[in-house]
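Structure first, commentary second.
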Amino acid sequence: MAWQIPLSDIDMGLEEIAAVQKVLESRWLTMGAVTQEFEQDFTQFTGTRHALAVTNATAALHLACIAAGIQAGDEVIVPSLTFVATANAVRYVGAVPVFADICSEDDFNISPASVRQNITERTKAIIVMHYGGYACDMPWIMEIAQEFGLVVIEDAAHATGAQLDGRGLGNWGLVGCHSFFSNKNMTTGEGGMLTTQDDAVAEHLRKLRSHGMTSLTWDRHQGHAFTYDVTDLGYNYRIDELRSAIGRVQLSRLARNNARRRALTAVYRECFAKFIPEIHIPFAQARGESSCHILPGLLPPGVDRFKFMDEMKAQGIQTSIHYPPIHTFQSYREKSFPYVDLSKTEDIAAREVTFPLYPGLLEEQILMIAQAAATALKPAST
Ligand SMILES: Cc1ncc(COP(=O)(O)O)c(C=O)c1O
């Protein structure tokens, strides 16, 4: 489908092509020096102590659960209004995802009050997801975690480059998990990054990423080791040099692109308030500095959402949904994972529509989107 305005678009060009070419010419393609540089850049940019590049954020979440000591039978509190990978990671280690509700129509993030309601003696950890790059209430979440002795993992897939109280999102809990999937604020095609402030956790994650081995093929190529031991049941979740090379270029543009996303979000707020105030844009009072990964809108109750999205499509504008709640998926329903009350999640998830947002979007296109939304809302409301 040739959209007039797509949902998202990447900022990728000659610099990435040159960086990939350089790696190809070097004849070393698997994880090595370029990945180390990428990790150093990421450490500096996000203000974390350790950064470890991996194949994707799903792998990062899996390793984070292992490194956090989550085991079969443990309960882990997660949002339901997130991508399925957040909860799947809990199931990979045999633990039980317990779903907490979101805060409100203005804040789609996990509610600390709901987290507290869902704690039992089996609760081991909380995984938060910074929806759209808007910070969860981390001071409150950390306070609860401390009170009950729980580990906090941050799904920062939307939030690379975002901050709260001067601290990067992903740096509040034990481990942060970033995604470089191609619709994210920076991309390597597939790719992800683990971050942690804890030296021992970093060492554990480093081994888990590569089969639990004590040395890498790269170390042996460098003449640093002849053999290795295997100390953990690890995985092959390594990134490669081609992606790391792309990642370095993408990261160098991230601050500028996130700033552009914030500016465009402000334009959306103005245009929608003027032309289509019936559609509510959440996070007006957001905490900290968002990475503005997506632009969620909330349709008024009673509107046929798919009709609205169809009408937008007819005008060449792509929209999406973030997210169908995880607890409603068949693979989750049939396991009857526990939760107390997800009424806000269910209400918001039924009315949410995501509008186009990417650094190359133009202000005048936002005006077109607002006008198209006003046109689309009428037939969808009857
Ligand atoms: C909130 C969230 N968590 C996790 C992931 C998984 O990321 P990846 O595709 O890098 O595995 C995504 C990606 O779409 C996501 O949006």
Side-chain angles (χ1 to χ4, degrees), residues 7-10 38 42 51-66 76-93 97 99-100 102 107-110 125-136 152-162 169-170 172-173 175-195 205 208-209 235-240 243-244 246-247 250-251 254 261 282-283 290-296 320-327 329 331-332 345 348-349 352 354 357-358:
L7 186 70
S8 71
D9 192 16
I10 56 177
F38 181 31
F42 202 85
L52 293 159
V54 286
T55 39
N56 54 57
T58 306
L61 285 160
H62 183 192
L63 297 191
C65 287
I66 298 171
V76 179
I77 300 177
V78 296
S80 180
L81 195 69
T82 176
F83 185 58
V84 69
T86 317
N88 279 351
V90 175
R91 294 177 67 184
Y92 294 160
V93 294
F99 295 107
I102 57 167
D107 183 350
F108 295 0
N109 278 316
I110 194 166
I126 306 164
I127 306 184
V128 300
M129 193 281 277
H130 304 290
Y131 184 106
Y134 296 93
C136 295
V152 175
I153 294 170
E154 289 174 84
D155 180 339
H158 293 189
T160 308
L169 298 189
W172 285 77
V175 182
C177 304
H178 297 259
S179 173
F180 309 138
F181 184 66
S182 62
N183 62 10
K184 296 298 185 285
N185 287 27
M186 61 171 278
T187 182
T188 59
E190 298 279 359
M193 193 73 80
L194 282 155
T195 56
L205 291 169
L208 290 172
R209 167 178 68 172
Y235 301 83
N236 179 357
Y237 283 169
R238 295 184 302 257
I239 200 164
D240 58 59
R243 291 173 199 196
S244 290
I246 296 171
Q250 288 277 299
L251 186 61
L254 187 63
R261 285 171 181 275
F283 297 107
S290 174
S291 54
C292 292
H293 170 53
I294 53 172
L295 196 295
S320 175
I321 294 170
H322 289 85
Y323 287 94
I326 299 176
H327 71 282
F329 291 138
S331 166
Y332 279 79
T345 297
I348 266 84
E352 193 276 341
T354 307
L357 183 63
Y358 47 91

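Ligands are counted one by one from 1 in listed order, and the atoms in each one are counted from 1 as well. Residue numbers run from 1 in the order of the sequence given.
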Distance from atom 12 (C) of ligand 1 to nearest protein heavy atom, with residue and atom: F83 CD2, 3.6 Å
Distance-only donor-acceptor check, side chains S8 and N183, under 3.5 Å: no
Ligand 1 to H158 polar contact by distance, N or O atoms, under 3.5 Å: yes
Student check: side-chain heavy atoms of T160 and F42 closer than 4.5 Å: yes
Interfacing atoms of ligand 1 (cut-off 4.0 Å, heavy-atom, A157): 1 (C), 2 (C), 3 (N), 4 (C), 12 (C), 15 (C)
Under 4.0 Å to a heavy atom of G191 - the qualifying atoms of ligand 1, by number: 10 (O)
Plane angle bin for Y131 and F108 - parallel if under 30°, tilted between 30 and 60°, otherwise perpendicular: perpendicular
Test of proximity, N183 against ligand 1: N or O pairs below 3.5 Å: no
Candidate with minimal heavy-atom separation from atom 4 (C) of ligand 1, of T187, D155, T188, N56: D155
Student check: side-chain heavy atoms of C177 and T86 closer than 4.5 Å: no
Enumerated ligand 1 atoms positioned under 4.0 Å from heavy atoms of T82: 1 (C)
Side chain to side chain, Y134 and S291, heavy atoms closer than 4.5 Å: no
Atom 14 (O) of ligand 1 [closest protein heavy-atom partner, distance rounded to 0.1 Å]: K184 NZ, 2.8 Å
Sub-3.5 Å N/O-N/O distance, A85 and ligand 1: no
Passing option when Q250 is tested against M186, R243, K184 for side-chain contact (heavy atoms from CB on, under 4.5 Å): M186
Protein contact of atom 9 (O) of ligand 1 - nearest heavy atom, named by residue and atom, plus distance: F181 CB, 3.8 Å
Min N/O separation Y323 to ligand 1 under 3.5 Å: yes
Near-ring test F38/F180, centroid separation under 6.0 angstrom: yes
Closest non-hydrogen atom pair, L169 against A156: O-CB, 4.2 Å
Nearest-neighbour protein heavy atom for atom 6 (C) of ligand 1, which is reported as residue plus atom name and distance: T58 OG1, 3.5 Å
